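Accompanying notes for the structure given below.
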Amino acid sequence: MAAPPPDPQFVLRGTSAAVHTLHFSCGGQEPDVPVLFSGSENGLIHVWNLKTHRVDKALDGHGRKSVCWVETMDGKDRLLSQGRDQKICLWDLAEGRASVTDSVFTENVGFCRCSLLKVAEGRWLMAMAAKALDEVQVLELPSKTSVCTLKPEAGAKLGMPMCLKLWQINCGSQPLLLAGYENGSVVLWNLSMGKVLSQLFCHQEPVMSLDFDSEKAKGISGSSERVLSIWSLNEQQNLQVHTTHRLVNSGISDITIRPDKKILATAGWDHRIRVFGWKKMKPLAVLDYHTATVHCVSFSDHKNPSERLLAAGSKDHRISIWSIYTQT
Amino acid sequence: MATAVESALREALAGPAPGAAALCALRDALAAAGGEAAPGPRERERLGALLRSLAAAAAAGPEEPAGPWRSCFAEAPPGLALSALLGALGEPRGAAPRAGAGLRALLEELERLVRGRLAAVLGELCQPRGAAELGAGLLGAVVALPERLSSGLQGGLQGGLPALFLPQNYFPLLAAAIVEALHEVAAALRGGSDCSISFLSHVLGKVCVRGRQKEILSVLVPRLADLTKSDCIWQRICWRLVECVPDRCMEAVVLGFVQRAPGADVLSRLLGNLVVKNKHAQFVVTQKFFLLQYGYTTAVLQNLLGYLSLDSLRRALLIKVLQELLETWSSSSAVKHSPPEQQEYISKAILICLSHLKDSEIESCRQELLTSMMEGVKCHLDSSLPQIRRLGMIVAESISSKINTDGPVLKFQYEEDDEARELKSLLVQAPSFCVPSVPDDSRKEKADAALPSASESNGKSHTAAAHVVSDEESDTELDSDDDLTPYDMSEDKELKTKAPVYIRDCIEVLTGSEDVDKWEATVKALESLVRKNPAATREVSVELAKILLHLEEKTCIEGFAELRQRAQVAVLTVDPIPVAQYLTSQFYSLNYSLRQRMDILDVLVLAARELSCPKVHGKTKHVEKPCVQLLPASDSSKDWRRIVDERIKSKTRRFAKGPSQVQVASGPNEFNSVAGHFFFPLLQNFDRPLSTFDLLGEDHFVLGRLVHTLAVLLYLAVNTTAVTAMGKALMEFVWALRFHTDSYVRQGLLSCISSMLLSVPAEHLLNNMTEELLETQSWLGDVVEKDPDGDCRRLALQNLLLMENLKKKLNKTVPS
């Protein structure tokens with residue numbers, strides 16, 4: 001018989017609001033403690049110390065509006081956070097500071113999370129939903145200069161962008177953007193030309209989340225439906241459906257592929273976290289701990305594979321931390 | 001010989017008091033005569049006079065008279081002696097208290113006579129030439145002996161009567177004497193001589209009619225049952241014994257026999273065809289026993305009906321009884337007016353009758369059975385008492401299964417409890433002997449036999465399971481190129497459909513959705529949703545109430561009716577006035593089922609109860625939530641207050657006796673402002689029948705519910721401003737309906753009176769409704785005396801007590 005699914009390694013409580021986003025920062029050298037950033041519905045960003053399992057700091061910079069995305073820029077001292085107050089803040093957390101050093105006013109009212117890509121040392125690209133409902137804007141950080149604005153052709157009827165993923169094949173090559181739209185399609189954008197390279201209509205409902213593996217040129221997306229869609233990008237930069245995977249319950253709010261591209265995790269509306277083998281989409285585990293919708297899943301970036309963690313944040317105010325498939 | 005007695009008598013009677021020598025001579029003469037040749041009438045008369053005078057002398061004197069007078073009594077014919085003794089002892093005396101030794105001696109003599117020669121007294125009278133003139137007096141003496149003695153000697157005797165003369169001892173003795181006398185009769189009959197036992201029958205009848213059936217028959221019936229077992233002479237004697245019982249005593253005797261006979265066959269041996277021969281007995285058995293009384297146990301019923309079924313002559317009576325029972329059972333007036341206990345009795349009798357009927361007999365009266373069954377089931381199902389309805393169902397089912405042996409039979413749904421099972425078991429004739437239980441050995445053997453097979457199958461399932469597992473393993477091995485082993489995912493079931501979160505979504509789902517799961521989830525979630533979002537509910541409250549009122553059970557949900565009702569109550573409490581207006585208006589409108597109308601009433605009552613209860617906000621909620629939470633500011637401040645209060649209380653010493661306890665949580669009665677909306681519209685249209693709904697006619701069950709509802713509403717409206725007006729209106733309503741035929745309705749009316757007395761302030765009652773109250777009081781008095789329903793009588797009595805208390809309270813307050 002197969003082993004029963006594991007219990008969470010530990011559970012972080014105390015956000016007192018639904019958790020919408022998680023980000024690990026565990027890659028630092030010894031004196032640095034691994035931390036987990038969590039953004040919750042009450043506008044606070046908690047910095048969790050993963051040694052003590054306690055909150056180190058609570059950052060309040062979004063006027064009590066829900067925080068939907070957090071990401072670090074080079075280590076845990078610089079943090080980007082996006083809130084529903086239409087602001088993206090850059091935090092300086094070095095040496096115990098906790099101040100917003102810079103911010104961008106997006107004027108976007110949607111829920112779309114941003115995407116950050118390091119293109120060179122000290123130079124980042126950030127894709128975000130823009131003021132116009134169907135547009136995506138790409139900024140260069142830290143200069144905040146606009147690189148391009150991706151506007152669908154008139155009559156494309158894509159609707160709002162729902163999720164974004166900036167990527168490049170390897171360092172120095174041309175960055176590309178994958179965007180999931182309200183009408184259920186996934187679009188590959190060329191940033192320099194501002195043109196659609198390929199469009200794949202893979203869901204009936206808005207695409208809630210997607211992730212892409214640039215090595216295998218294969219991606220996965222989920223929506224409120226009962227299927228996960230796995231698609232691939234061929235040599236001609238064309239997206240095509242690879243397979244679909246049918247789920248037991250409908251609704252996926254987040255999908256993350258582990259950095260080593262072995263497994264992936266989905267956050268389900270059915271309160272469950274599902275883990276799959278990425279190679280064949282083989283179902284591996286169903287982690288049933290939360291009592292409400294799981295909003296986000298995130299894998300840690302530990303250097304040592306055996307320490308790697310999986311975190312999931314849920315509407316039930318809790319963050320569960322799992323240690324699963326760490327030996328492979 | 002007779003001459004010797006005569007001469008002795010003459011000598012003894014010569015003086016004013018007989019001398020000792022004369023008595024000796026008399027005794028010797030009597031002893032010599034023995035019982036062989038009874039004295040002639042003249043001698044008897046003289047002897048009787050002598051004995052009477054002897055007894056009178058003994059009773060009057062303080063000392064026991066000297067001489068051998070006692071032996072005269074011992075030797076005299078027992079009948080004469082007994083009447084002389086009783087005459088002296090039983091005659092009423094003056095107030096003079098006397099307890100002479102003579103009296104005691106008389107009693108001793110009587111005791112000896114009763115113990116030893118009672119049978120002889122009876123036997124004497126059974127002789128064909130038994131003195132008729134003596135019989136009448138002696139009959140009364142024998143039967144009434146305990147009463148006569150106790151009234152004659154009242155207080156006149158120290159130490160009381162000998163135990164023998166207490167009824168519980170005397171009558172068994174009398175019974176034994178009767179049996180002994182019957183033995184003599186049997187011997188005489190065998191000897192070919194003639195005998196009359198009518199005197200014994202008279203004794204028996206008289207004792208029974210005086211209410212001593214238990215004492216005498218509990219000895220007589222078993223003895224006779226034993227004697228008649230195999231002897232046909234004894235059977236004839238026994239039949240004759242009961243046949244000769246005078247008509248006016250027949251009922252007591254027959255009922256006594258029926259109650260005490262251990263079985264129908266014994267009863268048949270004892271009574272013979274009495275019921276066919278004797279009109280009076282027939283009336284008692286076929287009419288009185290079944291239709292005019294209902295106190296007998298099921299076993300007695302079985303006895304009597306079994307007796308009727310045992311002889312072909314009597315079977316005609318059995319069918320007649322059944323017809324009469326069915327006539328009563330199917331009469332709607334009887335169903336309405338007779339107490340439920342009697343109806344149960346009749347139903348039992350019908351079932352037992354059916355169990356005795358043969359197929360051919362049923363065939364002959366099938367049509368009649370069918371008609372009365374149809375009639376009866378209709379009026380039983382019409383009743384508002386559940387037990388009557390169920391009785392109707394059970395009896396109708398039984399009749400139908402008897403008359404339709406091959407066709408379809410009636411089948412009702414009712415709760416199968418002990419009572420129902422007991423009733424149904426009557427349909428099967430009780431077998432005369434018990435089926436011996438399966439011996440332990442064979443049972444054990446069976447168990448042993450069963451065991452190996454069970455273990456075998458267990459083993460099989462084990463191997464099968466192992467097989468499956470190995471299959472799975474091989475499967476995973478094949479698939480092992482992905483080196484990640486999956487965890488058990490069998491628990492990954494489809495999540496139950498989520499209930500809607502908004503009231504408007506619920507409305508959408510309940511009205512239009514085809515998704516059964518969603519519909520179920522909505523029904524389950526609706527109550528809490530309504531309570532959580534009062535503002536949102538108020539926007540659509542009437543619409544929601546309408547949907548809920550019409551909501552039908554789409555799928556089989558556990559407790560659907562309760563869920564719907566709770567949601568309805570929630571809607572009504574959240575927005576009382578418009579919803580109450582809606583519901584009360586719908587109560588009297590067209591096109592609703594009775595169930596819906598009763599739902600409306602229930603919902604009104606439950607909501608009124610909820611509104612009128614003081615609620616405790618915050619505190620209880622705080623306790624209910626188990627999860628970890630930061631303390632909300634408002635709650636913590638309350639807690640702080642409480643803690644400080646407690647601390648002050650614990651540190652403060654109080655000298656006054658005043659109420660130092662924390663007061664019971666109180667709040668405004670929310671029912672106050674809305675009570676009228678719940679109440680008055682329900683009173684409006686009860687006398688206006690609709691084409692589908694006639695409260696005063698056949699829908700009296702709903703009327704009963706309505707009346708009860710009004711009573712509860714008035715009770716809950718205590719201390720509200722509208723209560724006086726409500727009470728007055730209800731009073732008029734009650735007055736209009738007070739002679740309703742349905743007992744459930746009457747019970748409701750009486751509850752209305754109770755709640756009026758309890759809710760309306762006393763001074764208002766007396767100032768505004770004095771006349772009505774007086775009228776009600778006399779009506780209640782009537783109900784207490786005459787109502788056939790026990791609950792009604794009890795309620796009316798309670799109301800009278802309440803009125804009495806009210807009066808007392810006022811009397812207390814007025815003078816001060």
Side-chain angles (χ1 to χ4, degrees), chain A residues 1-7 11-17 42 44 58 224 226 246-251 258 260-266 268-294 315-318 322 324-328, chain B residues 461-502 505 509 513 515-518 520-521 524-525 528-529 532 622 624-636:
Chain A
M1 283 295 288
D7 289 326
V11 176
L12 305 175
R13 305 162 200 246
T15 61
S16 69
N42 57 6
L44 293 181
S224 59
R226 201 176 272 214
R246 198 167 166 77
L247 295 164
V248 176
N249 289 305
S250 57
R258 195 162 74 177
D260 67 358
K261 320 290 187 205
K262 286 243 173 92
I263 59 172
L264 72 99
T266 66
W269 293 3
D270 60 355
H271 317 171
R272 293 172 193 158
I273 305 155
R274 286 159 205 283
V275 179
F276 297 90
W278 177 224
K279 211 195 287 180
K280 292 174 149 187
M281 276 310 282
K282 177 179 162 189
L284 294 178
V286 176
L287 308 177
D288 194 1
Y289 166 78
H290 289 286
T291 54
T293 299
V294 185
K315 197 183 174 185
D316 64 7
H317 303 187
R318 296 184 190 178
W322 309 75
I324 191 165
Y325 297 111
T326 52
Q327 303 306 322
T328 51
Chain B
S461 69
H462 270 307
T463 53
H467 191 65
V468 168
V469 168
S470 67
D471 263 9
E472 264 174 21
E473 274 165 7
S474 66
D475 221 34
T476 50
E477 269 160 22
L478 274 177
D479 201 20
S480 67
D481 59 345
D482 217 343
D483 51 352
L484 304 160
T485 42
Y487 288 98
D488 176 25
M489 280 176 287
S490 56
E491 290 301 305
D492 187 24
K493 303 268 166 53
E494 209 165 305
L495 210 64
K496 274 175 250 153
T497 332
K498 273 172 74 178
V501 190
Y502 301 104
D505 287 352
V509 172
S513 173
D515 185 346
V516 177
D517 292 335
K518 207 165 184 182
E520 270 192 39
K524 283 180 186 156
S528 64
L529 214 53
K532 271 188 218 151
H622 188 67
E624 274 166 8
K625 281 192 179 170
C627 58
V628 181
Q629 262 190 320
L630 296 175
L631 283 173
S634 58
D635 274 19
S636 65

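Order of the sequence lines fixes the chain letters, A, B, ..., with proteins taken first and strands second; residue numbering starts at 1 for each chain. All figures in this text were calculated on a predicted structure; none of them were measured in a lab.
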Contact part of [X] toward chain B, heavy-atom cut-off under 4.5 Å: side chain, backbone, both or neither?
X	value
A:Pro283	both
A:Asp270	both
A:Ile324	side chain

> Got a sec, which residues hit salt bridge (Lys or Arg N to Asp or Glu O under 4.0 Å) with B:Asp505, two or more places apart in sequence or on another chain?
Replying inline: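 Here no residue qualifies.
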
> Listed by chain and number, what are the salt bridge (Lys or Arg N to Asp or Glu O under 4.0 Å) partners of A:Asp316, not counting sequence neighbours?
Replying inline: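 Partners of A:Asp316 under the salt bridge (Lys or Arg N to Asp or Glu O under 4.0 Å) test: none.
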
> Is it true that the side chains of A:Tyr325 and A:Arg258 contain a donor and an acceptor less than 3.5 Å apart?
Replying inline: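 No, A:Arg258 and A:Tyr325 have no side-chain donor paired with an acceptor closer than 3.5 Å.
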
> Looking at side-chain heavy atoms only, is the closest gap between A:Pro4 and B:Tyr487 below 4.5 Å?
Replying inline: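 No, side chains not in contact.
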
